[in-house]
Every structure is written in structure tokens, then in C-alpha cells.
Protein chains: 2
Amino acid sequence: MKKAATIRDVAARAGVSVSVVSRVLNGTGPVAAPKRAQVLDAIEALAYRPRAAARQLSQGHSDTVGLLLADLTNPFFARLADRVVADARARDLQILLMTTQEDPHLEAQALDTLLDRSVGGMIGTPTGHNVERWEKLAALDIPAVFVDRTVAELDQVDVVSIENVQSAATATRHLLDRGHTRVGIVSGPLDTSTGVERVRGYEQALRERGVARDERLVRPAPFRGDRGADVVAEMLALDEPPTGLVVANTAQVRVVLKMLAQARIAIPGDLSLVVFDDNPWTDLIRPPLTAVRQPIDMLALHSVELVHARMRQKLPPAPRRIRVPAEFLERSSTTHL
Amino acid sequence: MKKAATIRDVAARAGVSVSVVSRVLNGTGPVAAPKRAQVLDAIEALAYRPRAAARQLSQGHSDTVGLLLADLTNPFFARLADRVVADARARDLQILLMTTQEDPHLEAQALDTLLDRSVGGMIGTPTGHNVERWEKLAALDIPAVFVDRTVAELDQVDVVSIENVQSAATATRHLLDRGHTRVGIVSGPLDTSTGVERVRGYEQALRERGVARDERLVRPAPFRGDRGADVVAEMLALDEPPTGLVVANTAQVRVVLKMLAQARIAIPGDLSLVVFDDNPWTDLIRPPLTAVRQPIDMLALHSVELVHARMRQKLPPAPRRIRVPAEFLERSSTTHL
DNA sequence: TTGTAGGCGTTATCAA
DNA sequence: TTGATAACGCCTACAA
């Protein structure tokens with residue numbers, strides 16, 4: 001196991017200079033056909049592979065993209081990661097993966113790690129609490145793209161997400177149009193963009209249909225933990241409990257379903273249910289759930305394309321905000337009142 | 001946005017040489033207390049962060065670990081990734097993520113990418129088809145750890161997996177002991193270690209209980225696609241269909257369940273079911289599924305510890321094979337015949 | 001069209 | 001305890 005070949009070894013074996021090798025490697029500058037062949041042969045013979053670190057150091061930038069996701073335990077993010085990885089490979093980008101577990105401290109730590117410029121760009125689902133570090137990234141010329149959510153203070157950052165307001169409005173209208181007047185929503189925290197936007201869509205639908213808003217039916221829940229279940233239980237304990245419910249907090253769908261099952265609430269008999277995110281198991285449970293399907297492949301594709309373009313400075317500086325429509329899937333968890 | 005500080009800038013500002021800075025940075029070699037303080041101040045003031053690429057080039061090795069997983073769409077791998085990322089951070093290791101989608105070509109491509117020594121180690125779920133490249137990695141002194149599965153020809157590589165034989169035997173015995181004599185198994189492909197080992201456990205249980213093996217009840221299915229459903233349908237169409245079934249192919253559990261539901265096979269009335277891997281939704285569907293729970297956190301922890309140790313050459317060369325026991329969870333999808 | 005040489009930011013060796 | 005200085009492997013003017 002002698003030590004691996006370097007560009008110099010290749011040059012020597014091919015009887016040329018290192019610049020020639022470098023040029024055939026990167027397609028930069030001219031090379032005479034015969035020499036090119038010799039170089040290629042040498043590379044083949046020596047099983048030469050350019051050292052990533054050396055190249056990065058020399059060029060000053062990296063082809064690695066940091067992917068900072070909330071939580072791979074949530075199928076939504078897991079599938080997002082799957083697509084991002086695939087799209088990144090198609091563009092010869094490497095993916096450095098980290099998770100925040102929705103914890104600002106972990107996010108801060110991750111961001112600090114990335115500040116060493118080991119990445120040339122970032123794709124992330126921000127917790128909303130590390131504005132300064134995200135800004136520092138930008139100051140270091142490391143382009144970032146927020147996916148799924150965004151942060152109000154960071155309005156210079158590109159964003160790719162679904163049409164949250166519209167989607168929530170559609171889901172709510174679906175229930176209202178079926179005679180439900182008591183419709184609840186479990187959202188994400190109200191200091192997250194998805195939380196506020198989906199509540200806004202909910203309220204918009206209510207207004208459109210002339211239904212009064214009841215404070216007690218709008219319940220945010222953290223992404224982590226089981227709070228979503230309590231919150232629904234509390235709604236159901238009201239004098240006039242909701243007959244329709246929108247679970248707009250992807251991460252809480254599971255616990256809500258579990259609670260509902262344990263409380264023996266019949267769906268859609270006792271409660272009509274619309275959930276955000278269409279998991280592979282959404283149609284495995286009984287009844288199959290009416291859902292807002294987020295086009296994960298589009299979210300991933302746009303995110304990767306965006307960082308890629310930014311990394312090659314192929315884009316005007318103005319921040320891009322890409323919002324893709326979500327699909328509404330009516331199944332069997334909703335019915336007329 | 002002036003360009004980022006280098007070690008030289010820090011040295012200059014602190015009024016010392018780069019060597020001193022390097023030493024306080026890495027705790028290598030002695031530094032007088034007052035100088036150390038000055039250096040720390042300078043680092044703080046300049047928001048200095050050592051360039052990862054430069055360090056890597058100089059030291060000749062990387063603190064990045066490649067994580068090559070089959071498919072993040074499968075909750076088992078997604079949760080594994082989640083834990084690996086967490087454990088890696090605790091050890092200051094970075095995770096470079098790639099997926100094979102169970103495709104040997106993609107695996108080959110990924111491994112080729114890694115051959116540039118951008119990673120100092122690997123954790124992966126091998127497809128079983130790129131023996132030469134895995135060997136080349138080893139020749140380059142890049143330690144690899146297989147997790148979940150292994151490859152027979154690569155017996156020099158560390159492995160972390162569950163006790164596949166035992167787990168399958170337990171699952172099978174559970175059914176046999178409830179009076180089922182026609183017990184089927186849907187396994188992974190028989191050219192994968194998990195496939196053969198779980199079938200072996202199944203056969204062992206059969207032997208123990210003196211039940212004859214029926215070729216037609218042992219059906220491997222690829223990890224990708226919907227073949228698992230067909231295979232079960234075929235079993236059920238036999239003259240003497242099985243009354244018990246072990247789905248030992250994690251990736252096929254979903255499609256099998258879906259098919260069973262569509263065919264209106266009552267569980268456990270018509271068919272007693274044991275599945276491998278206990279997903280968060282395994283107890284959301286009805287009936288809750290009896291399952292083999294793989295201790296994902298242990299798999300992740302051992303894998304990360306192993307690469308970490310290998311990367312620091314803290315381990316004797318002999319390959320390690322760590323097999324952790326899986327837990328058997330009886331729920332409501334199995335019953336006496 | 002080719003080759004030489006300097007630089008990228010760190011670490012490490014070895015005098016002082 | 002400190003400080004020059006030579007690697008590390010690649011890219012890229014610049015000269016030939």
C-alpha cells in the first residue's frame with residue numbers, strides 16, 4: 001500500500017508538466033491531442049484521483065453543500081433529504097448533513113462548524129433563532145437557501161417552500177364547505193413562518209365563509225414532543241368542540257392520531273381530519289387521511305438548483321422566493337357534518 | 001465583506017508567530033500563559049476559524065465520514081441517519097451523505113467520489129456488488145464500517161448489525177408456538193446478508209419445531225419496488241396458504257400491508273403477521289403490529305464509535321463484528337390458529 | 001501549446 | 001518556549 005499518486009506522478013509518467021495534467025483534468029486551457037492521451041493513460045494506470053482538499057484550498061471554494069435539517073425522524077425531512085442528495089449528485093455537489101433537532105443551540109453549533117468554509121453553500125430549515133450566524137455565513141460569501149420555512153429577519157436569503165397560506169386555506173375551506181362551523185387548527189409555533197402562514201390561511205378561509213374565529217380553536221404546538229395531543233384534547237373538551245380539524249404541524253400528526261385513537265374519537269364520524277404532509281403510511285391507516293401533499297421533489301430540486309447557481313454566481317443578487325403549490329388529496333377522513 | 005482572517009492575521013495581531021497560534025489551536029506543544037491569552041483575544045477579535053481544507057491538506061487526513069445509505073425513504077435508514085449524525089457530532093466528525101438507492105451503479109459512483117480522500121472513514125449499507133471499490137478504499141487506508149448488512153467477500157470490514165438469525169427465529173417460533181404450521185417469510189434478496197441470515201433463522205425455527213420447509217413459503221423480494229406484494233399474493237393463492245407470515249424485508253412491509261388491506265385479508269383473523277422494524281406508525285395502524293424492533297440507536301452508536309476509533313488507529317487490525325440483539329414486541333397482529 | 005514557479009492556509013520539524 | 005521554514009497537492013498566472 002504505497003502512498004497514493006499525486007498530480008506530479010501523473011505528469012512524470014506522462015512525460016508532461018503538471019499544468020498539462022491540470023488542464024486535461026479541468027478542461028481549462030488547450031492540450032495537444034497526443035499529450036492528452038498520454039495523460040489520460042497515466043491517470044488510468046496510477047488510479048489517480050485529485051485530492052479534494054488540495055483543490056479546495058487552491059481554488060478557495062468548495063463543492064460541498066451543507067444540509068441542515070430539523071429532524072430526520074420526521075418522514076417529511078427524510079424524504080426531502082433523499083431527494084436533495086439525489087439532485088446534488090446530478091450536479092456533482094457533495095452533501096454535508098447536520099440536524100438541529102429544532103434546537104437553536106445545535107443549530108448555532110452546526111453553523112459555527114460550517115463557518116470554516118468547508119462548505120460552498122447551505123440548504124437548511126432554520127429554527128429561527130440564529131440570525132447573526134446566518135448573516136455571518138452570507139458575509140463569508142456562502143450562499144444559503146431556506147427550504148420549507150424561512151425567517152422574517154433574514155429576508156436576503158433565498159427561500160423554497162410550498163404555498164402555505166393557500167394550502168391551509170384550501171384545507172380549511174374543504175371542511176367549512178362540508179358544513180363544519182367549528183373547525184380547529186393545530187399549527188407549528190407562531191414564531192415560525194410555517195406556523196404563522198398556515199394559521200393565516202386558515203383565518204382567511206374562515207373570513208371568506210363568514211365564520212367567526214374562535215381563539216380556542218387555534219392552537220400552536222412545538223415541533224418536538226407530544227404537545228399536539230394535549231392541545232387537541234383540550235379543544236375536544238370545550239363546550240362546543242370542533243367537528244373539523246386541520247393538523248398543519250407535520251411533526252405532530254402522529255401523536256394527534258394516536259391520541260384520537262386512544263380517546264376513541266371516530267374519524268370522520270366524530271371529527272373530520274385534514275393533515276399536512278402525505279406520508280407513505282397516510283393511506284395505510286384507517287381511514288385513509290385527507291391530506292395536503294407537499295411536492296417534496298420540487299422543493300428539493302429548486303433548493304439544489306438555487307444553491308448551485310448561487311455558488312457559481314450565476315444569479316442576480318436579489319433574493320429568490322420560490323413557492324410551489326401543494327396538492328390537496330381528499331380521502332376518507334373528512335365528511336359532511 | 002473583507003476576506004476572512006487566516007492564521008497569519010491572528011499571529012500578527014497577537015504579536016506572535018504562526019506556530020504559537022497553531023499550538024494554542026491544537027493544544028500541541030507548549031505556550032506561555034500570557035501569549036496564549038493574546039492569541040485567544042486575537043482569534044476572538046478576528047472571528048478566526050481555521051480553514052478545514054488547509055488543515056486536511058496539511059495533516060493528510062479528514063475528519064469527515066462518508067455515510068452511504070440505501071434509501072432515506074425507508075424510515076429505518078432515515079432514523080439510522082438521524083442517530084449517526086447526532087453521534088458523529090458528539091465526536092466532532094462531519095457526515096458526508098450519499099445514497100445508493102440499492103443500485104450498484106450509484107454505489108460505485110459514490111465510492112469513486114470518495115476515493116479522493118475527502119473522507120477519513122465510511123459507514124455504509126453495501127449493495128453487495130462493488131467488492132473491488134470497497135477494497136480500494138481499504139487500500140487507501142480509509143476505514144469502513146458496514147451497518148445493517150455485510151458482504152461475504154469483504155470479511156475484513158467491520159460490521160454492526162442486529163442478530164439476524166436469532167431475530168428471525170424468534171419471530172418464526174412465535175408463530176409456530178401459536179399453532180401455525182404454514183408460516184411464510186418474505187425476505188430480502190438472497191444475495192444480501194440480511195436476506196440469507198433471516199431465512200436461516202426462519203429455517204432453524206422450523207427445524208426446531210419439526211415443521212417441514214415448503215419452498216413456496218420462502219419468498220425473497222427486492223428492496224425496491226412492489227414485488228413484496230406479489231409474492232405474498234402468490235403465497236396466499238396456494239392450495240394450503242400460510243396462516244402466519246414474517247415480513248423480514250423492512251422495505252417491503254408497507255406494500256405488503258397495503259396489498260393485504262386491499263385484498264381484505266383480516267389480520268390476525270386470516271393471517272398472523274410479524275414484521276421487521278418497528279416504525280413510529282407500526283402502532284398507529286390497526287391492528288398494531290407485532291414487530292422485531294431493531295435498536296437503531298445502538299447500531300448508529302457502534303458504527304460511529306468504530307469508524308472513529310479506526311480513524312485514530314486506536315484499534316487492533318482484526319475486523320470487528322458487532323451484533324446487537326433485537327427486541328421482539330408482541331402486539332395484536334398475531335394470534336393462535 | 002507547454003512548462004516554471006508562486007500561492008492557497010495549516011501543520012510539523014528543528015534550530016535558536 | 002518560540003519562530004522560521006519546508007511540506008501538503010493543486011491551480012494558475014506568466015514566460016517561453
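Each chain gets a letter, A, B and so on, in the order the sequences are listed, and its residues count up from 1.
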With sequence neighbours left out, which residue pairs that include part of [range] fulfil the salt bridge (charged side-chain N to carboxylate O under 4.0 Å, His left out) condition?
range                       : result
residues 79-99 of chain B   : B:Arg79-B:Asp277, B:Arg91-B:Glu305
residues 18-30 of chain B   : none
residues 101-130 of chain A : A:Glu102-A:Arg149, A:Asp112-A:Arg133
residues 29-53 of chain A   : none

Practice problem: Identify, residue by residue, the members of residues 32-47 of chain B with a heavy atom below 4.0 Å from DNA chain C, and return them in order of residue number, or none. | Solution: none
All N/O donor-acceptor pairs, side-chain side in residues 6-13 of chain A, below 3.5 Å, sequence neighbours left out:
unit_1, atom_1, unit_2, atom_2, d
A:Thr6, OG1, A:Arg8, N, 3.1
A:Asp9, OD2, A:Thr6, N, 2.8

Quiz item: If we only count heavy atoms from C-beta on, is the B:Met298 to B:Ile322 side-chain gap below 4.5 Å?
Solution: no
Self-check item: Any A:Met122 side-chain heavy atom under 4.5 Å of A:Trp134 side chain
Solution: yes
Quiz item: In degrees, rounded to 10°, what is the bend between the two ends of the helix from C:dT1-D:dA16 to C:dA16-D:dT1, using five pairs at each?
Solution: 40°
Quiz item: How would you list, by chain and number, every residue that makes a side-chain hydrogen bond (donor to acceptor under 3.5 Å, both in side chains) with A:Arg312, sequence neighbours excluded?
Solution: none
Quiz prompt | Contacts of type side-chain hydrogen bond (donor to acceptor under 3.5 Å, both in side chains), residue B:Asp148, not counting sequence neighbours | solution = none
Quiz prompt | Nucleotide range of DNA chain C lying under 4.0 Å from chain A heavy atoms | solution = C:dT1 to C:dG9
Quiz item: To the nearest 0.5 Å, what is the distance between OG1 (B:Thr99) and CG (B:Leu68)?
Solution: 8.0 Å
Practice problem: Hey, could you give me each pair passing ring pair (Phe, Tyr, Trp, His ring centres under 6.0 Å) that has a residue in residues 87-110 of chain A? Not counting sequence neighbours. | Solution: none
Quiz item: Could you write nucleotides 5-16 of chain D as a row of B, S and -, 5' to 3', where a protein heavy atom under 4.0 Å of any base atom gives B, of only sugar-phosphate atoms gives S, and otherwise -?
Solution: B--BBBSB----
Self-check item: Test side-chain contact (heavy atoms from CB on, under 4.5 Å) applied to A:Leu97 and A:Val65, A:Val85, A:Leu72, the passing residue
Solution: A:Leu72
